[in-house]
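To start, the structure under review is shown below, and the notes come after it.
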Amino acid sequence: MSALIKVKGLTRIFDVSKPWLNRVIERLPKALLTAVSDVSFEVEENSVYALVGESGSGKSTIGKIVVGLVPPSQGSVMINDVDLATETDAAKVEAVRADIQMIFQDPYASLNPRWRVREIIAEPVAAKGGNTTGLAERLLEQVGLSAADAVKYPHEFSGGQRQRICIARALASEPKVIVCDEPTSALDVSVQAQVLNLMSDLREEFGLTYLFISHDLTVVQHMADRIGVLYLGRLVEEAPRDILFEDPKHPYTRMLFDAAPRMDGFGREVDPPKGEIPDAINPPKGCAFHPRCPIAVERCSRERPEMRDVRGARVACHLAE
Amino acid sequence: MSNPVLSVRDLVVEIPTRNGILRPVDNVSYDIAAGEILGVVGESGAGKSMTGNAVIGLLDPPARIASGEVLLDGKPIQGLKGEALRRLRGKKMGMIFQDPLTSLNPLLTVGEQLEETILEHLPISAAEARKRAVEALEEVGIPAAAQRIGSYPHEFSGGMRQRVVIALALCAEPDLVIADEPTTALDVSVQAQIVALLKRLCRERGVAVMLVTHDMGVIAEAADRVAVMYAGRLAELGPVRDVLTNARHPYTAGLMGSTPLASQGQRRLRQIPGAMPRLGALPQGCAFHPRCDRAEDRCRAEPGPTISACDGRAACWFPLGYPQEATG
Amino acid sequence: MTQTETPPTPAPVKAPSRLSRAWHSDLAWSFRRAPVAMISAFVVIVLVLSAVLAPLIAPHDPFNPATLNLMNGFTPPGEANAFTGDFFFLGTDDQGRDVFSTILYGMRISLFVGFAAVMLAMVLGVILGLLAGYLGGWTETIIMRVADVQLTFPAILVAMLIFGIAKGITPPEYRDQMAIWVLILAIGLSDWVQFARVVRGATLVEKSREYVQAAKLIGRSPLSIMLRHILPNVLNPVLVIATISLALAIIAEATLSFLGVGAPPTKPSLGTLIRIGQEFMFSGEWWILFFPAVTLLALALSINLLGDWLRDALNPKLR
């Protein structure tokens, strides 16, 4: 098996400065937010790679860069050995674009309320002038809705049903990769189970590869084959699922696991994690996690740890061994 | 349980609409004792927030309490209006909402908001109130409280803001706190901090807490008892460990089974077929029967059972008996 | 996939017809429960119909000098003329023209100018608003600064300025013919700003929604996203503004005509009629002013009330 997605040294910096005139008058420097910083990972074909992290970790930005909605500041994303940002051969770009689709977080905002379901689902094919006869009806049945739903409008469906429609739209161009940005975090638990099961079924049926973005550890543990943990735009730990959950090596990963509420944690008295996520515009020097880290030493505030291999995982921590 | 702080009896909330009268809360009864956390869980539209709003008297018209009783310290409050209700709300009840930004006044410093609330409800001097405000901020874990008291809400981070809201809810020393999804907007690590804070304050002050959330994990860790709501009714009510590990209502069991859990390790999640019916299109009989694999004729024919009519814990004619069956 | 969600309503085999959907829509429901809106709509329909059908309804053709009899001048409403014995429902003006007929014909011009000016303002404002909101950057800065500058002048002043320039560059012999078109241009250009501002705001909201991102991902061009995805979703506020603007445009036209820079006396609009009428207001011939003024009031007020209702009905927060 070869890597279908290769992300190398990905960095994305956003300019979040105030307008030019305000900056001149108030003598403020340009404010640059490093949303993603030097992130590298590879996704095998027909696997599920999950990115987890809290807000500000850059996980959604990585998803948008991978599908080409946001250009990277540095680094590259290769899909099938084609880099969307630099490839000049229009035919290749077109082919890769059709190979990669996205499912969004909010099922209420991701469907155009003025369009019928049939038009929504068929759009990826219609936009390229393809034949859409019966396409929407076939896909609707594949995602567990009925063909008769094709003439309805999005507002006639519940959140879970809308997410199924989004999945049907993503499948329309017969992609190889689907980037799922928090696909179930807006859904109730019982509906989430339905959607996750559907995604697993479709993956087997079509040989899909998922880049799964989530903040929910239980969902990630259920779905992913390999997991990358992000903190303030950097990958801090990356490992196959079982290794990560049985033996988390980065102190941040351990903190996340401890803090997550557990269904069997009756009356559990956790020692809650210290502090909050720092401001991404002025991240701490050295290891970004060191101010909250229970085991930090002096070196952590000076020197940023590089990714290295530790017992089957890649970890960015000086003290992991 | 002697003398519950909050007693809700057969509460019915109705919303008249163009297509008839909806009942987002239907025949709900429960008690909360001092120092106890009652978790209220359910999926969106189950009526869990509406129950909380009915108790505080914050129902948006045209929603109204159609029948039933809400007793606070043994005194009915559902008839109170205007000033009397407002005083009671501040003095006896505190509220914590999902979005801390909307529950704080952006134009006043947190100190002004705390002092205002304290002065309104406690007979103390302004200087005393200021001292209390600093103490309240210290108690909820805001570092350098004496300096930060002059800050505006937008100068705090999300987690710190929620701490301010908790301080505000508790500063008038209420008997009951209603927390509506207090951690939903927060990150995992901050959520753990807030849950721990709520638990500590509840224990130390002996406050009764109604914790409304959709997160079973939060309930498991924080609540003493749990009320599971489905389509406006209580499906199950009991001690949290019993309900979560040994569910009697098929809906509770389904909800537990559909949560992706570490211990399960299987590739497919157990799922409840279908979705919760809309309020305007409730099925005849027990509202859960179309999704229930145990449903029999009685479930379809007779109106939905109440907990007291059944085994005292689950509102189900045929409750599950064994833990094996519950987790499938 | 063996288990599926039950749809909230039983799945119809065929989509319901457009007409029945319209009748059962929330908008129609709210209309049926708003007596003010119903009365306003009735008044507007009656006035518009009578304006459109003026040649069939009007008892006289006020613009055909052959049918005019100067002896009929200043006939009071509801009385027979002292010299000729002719009877005029709403009286006559100084030249013996039937006031009722002039109002019908005047309303045609007022409504035409109003509609056309709003259409112009709407098309211009929607296009510029979409461009500003979607493209952002310098496009947005330029469009919105121009809009801001124009907003600092009263609309009527802008209209008079445009009117003056246009009059200056048209040859005198075409001035009367061109007057109507110049009016439309002047009012339309003075009114596009509010469309542009509202559309830009709504576009900014829609642009950030995920369905637009999905369309980008599919590879749709910006033009296609603006027209096919965003435009249909920003039309509700445009409809409301267009309705209220129609009332304002009719009043603006009347104001310009009243000031003597609008419709010429040979083709009088309601505003021209009011200007003619006010000359006789203090000499006892009140009807020449009164009836056109009341018509203008009824027209503008009912369109405005209709717009108010539409705004509330389309606002999901108030429903």
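Chain naming here is simple, since letters A, B, ... match the order of the sequence lines and numbering starts at 1 in each. Keep in mind that what you see is a predicted model, and the values were worked out from it rather than measured.
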Report yes or no: does [X] contribute a side-chain atom to a donor-acceptor pair with the main-chain N or O of [Y] at less than 3.5 Å?
{"X": "A/K128", "Y": "C/I218", "answer": "yes"}
{"X": "C/E210", "Y": "A/D106", "answer": "yes"}
{"X": "A/W115", "Y": "C/H229", "answer": "no"}

Worksheet item: For the candidates A/K64, A/Q101, A/E123, A/E205, which exhibits the highest count of non-hydrogen atom pairs separated by less than 4.5 Å from chain C?
Response: A/E123
Item to complete: Over all heavy atoms of both residues, which pair between A/F104 and C/Q213 is shortest? Give the atoms and the distance, please.
Response: CE2-OE1, 3.5 Å
Item to complete: Would you indicate whether the side-chain heavy atoms of A/N112 and C/Y211 approach each other to under 4.5 Å?
Response: yes
Discussion item. If you count every heavy atom of other residues, nucleotides or ligands that lies below 6.0 Å from C/R197 atom CZ, does the total exceed 12?
Written reply: no
Worksheet item: Is atom CE of C/M226 surrounded by more than 12 heavy atoms (other residues, nucleotides or ligands) closer than 6.0 Å?
Response: yes
Item to complete: Spell out the residues in residues 115-139 of chain C that have some non-hydrogen atom less than 4.5 Å away from a non-hydrogen atom of chain A, in order of number; otherwise answer 'none'.
Response: none
Discussion item. I'd like to verify something: which residue of C/R209, C/E206, C/K216 has the highest number of heavy-atom pairs under 4.5 Å with chain A?
Written reply: C/R209
Practice prompt. Output the distance between atom CD1 (C/I230) and atom CZ (A/R114), rounded to the nearest 0.5 Å.
Written response: 13.5 Å
